[in-house]
Amino acid sequence: MIDVHTHCLLSEHWGCEWEANWRPVYGRPWTDVTPADYDAAMKGVTAAFVFGLRATSAGVATSNEFVARFCADTRTETVGFMALDPTDPDVLEQLADGVAKGLRGIKLYPVLAHFDPAGTAHDPFYAAAAEAGLVLLWHMGATPSPHGDLGVTNPLAVDAVARRHPGLTQIVAHLGHPWQRETMIVLRKNPRVFADVSANWARPLDGFLALVRAQEWGVTGKLLFGSDYPLWTPDEAVAGLRSLTAIRIPGLEGVRPETIERLLDEDPRELLAVR
């Protein structure tokens with residue numbers, strides 16, 4: 001099993017954002033994870049993508065050095081991603097630094113960083129990522145934070161990036177919830193765009209409808225497993241996904257068990273060019 005959505009950031013990386021805007025919704029402090037904690041949670045996972053967050057306008061930042069060190073200190077096979085904010089004046093220098101440290105992708109968080117993914121002003125950044133062979137993993141969709149700008153987080157924005165940079169590999173996190181339907185049409189038309197299913201099972205009706213739509217649109221082969229650890233463990237995510245196959249709505253096909261098991265069994269690293 002390959003988990004493409006895990007976090008290593010610490011409470012201090014959140015600045016005031018988690019305590020002020022997320023804890024009131026989630027009802028708990030952020031869970032600081034050590035490499036040993038991470039290894040225990042990833043037992044049974046073949047490899048995992050791991051990253052922090054960066055949104056300069058929200059005071060959120062995880063350094064490349066921290067992610068690289070975290071990856072080096074785990075026993076789990078990890079693929080480290082830098083967390084970047086394209087609004088930073090030195091973002092291209094940060095990107096080059098991440099590449100030099102062996103990081104293979106970039107986590108982007110437009111809803112908190114307040115940038116429009118579709119804006120052509122960011123094309124030099126996207127071109128540099130493509131030239132370096134990096135994968136972009138987008139947080140797309142909802143946020144509990146009043147600071148967030150929902151106007152820049154619809155997954156349709158990824159289509160604009162893909163049209164201008166068709167060779168750039170991109171992953172839409174969380175299936176773009178609650179805009180999973182829009183994610184399906186972006187996946188279908190763009191060969192290098194994929195989506196992870198992290199957190200979708202936590203809202204069962206949304207998760208059920210999203211995976212049924214993926215079957216109807218013929219894009220289940222472009223879906224990737226993600227746990228959203230430490231919000232949930234891989235074991236919790238697997239159980240939640242499998243539970244969706246038990247939901248029945250009269251007149252609709254359900255989530256096929258093979259849709260879930262393919263997510264859990266296939267290794268997408270070669271497809272994503274991150275081996």
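Under the 3.5 Å distance criterion, with hydrogens and angles disregarded, no donor-acceptor pair is assigned to the side chains of Thr78 and Tyr38. Checked by atom type, the side-chain pair Asp123/Thr120 shows no donor-acceptor distance below 3.5 Å. Looking only at atom types and distance, the side chain of Asp228 has no donor-acceptor partner in the side chain of Ser198 under 3.5 Å away.
Looking at residues two or more places apart in sequence or on another chain, you find no ring pair (Phe, Tyr, Trp, His ring centres under 6.0 Å) involving Phe208. For Ala68, the side-chain contact (heavy atoms from CB on, under 4.5 Å) partners at least two apart in sequence or on another chain are Lys101, Leu103. For His139, the ring pair (Phe, Tyr, Trp, His ring centres under 6.0 Å) partners at least two apart in sequence or on another chain are Tyr109, His174. Legend: residues meeting ring pair (Phe, Tyr, Trp, His ring centres under 6.0 Å) with Phe115, ordered by chain and number and at least two apart, are His122. Residues that satisfy the side-chain contact (heavy atoms from CB on, under 4.5 Å) test with Pro124, not counting sequence neighbours, are absent from this structure. Every residue meeting the ring pair (Phe, Tyr, Trp, His ring centres under 6.0 Å) condition with Trp201, not counting sequence neighbours, appears here in chain and number order: Trp232.
Ring-centre distance between His5 and Phe225: not below the 6.0 Å cut-off. Between Trp30 and Trp22, the distance separating the two ring centers is not shorter than 6.0 angstrom. Under the 6.0 Å cut-off for aromatic ring centres, Phe51 and His7 qualify, their centroids lying closer than that.
Residues in residues 209-223 take part in no salt bridge (Lys or Arg N to Asp or Glu O under 4.0 Å) pair, two or more places apart or across chains. Residue pairs that meet the salt bridge (Lys or Arg N to Asp or Glu O under 4.0 Å) test with at least one member in residues 183-201, sequence neighbours left out, are Asp159-Lys189. The salt bridge (Lys or Arg N to Asp or Glu O under 4.0 Å) analysis of residues 15-25, with sequence neighbours excluded, yields the pairs Glu19-Arg23. Residue pairs meeting the salt bridge (Lys or Arg N to Asp or Glu O under 4.0 Å) criterion with at least one member in residues 141-153, sequence neighbours excluded, do not occur.
Residues Ile171 and Leu175 are members of separate hydrophobic clusters, defined by side-chain heavy-atom contacts under 4.5 angstrom among Ile, Leu, Val, Met, Phe, Trp and Tyr.
In the displayed structure, Glu93 atom CD is contacted under 6.0 Å by more than 12 heavy atoms of other residues, nucleotides or ligands. Atom CZ of Arg269 has more than 12 heavy atoms from other residues, nucleotides or ligands within 6.0 Å.
Here the CH2 atom belonging to Trp138 is positioned 9.5 Å from the CD1 atom belonging to Ile106, to the nearest 0.5 angstrom.
Under a 4.5 Å side-chain heavy-atom cut-off, the cluster of Ile, Leu, Val, Met, Phe, Trp and Tyr residues that includes Val152 has no other member.
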Atom pairs and distances, side-chain donor-acceptor, residues 241-252, under 3.5 Å, sequence neighbours left out:
unit_1, atom_1, unit_2, atom_2, d
Arg242, NE, Glu261, OE2, 3.0
Arg242, NH2, Glu261, OE1, 3.0
Ser243, OG, Gly240, O, 2.6
Thr245, OG1, Arg242, O, 2.7
Arg248, NH1, Thr245, O, 2.6

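A donor-acceptor contact shorter than 3.5 Å links the side chain of Ser57 to the backbone of Leu112.
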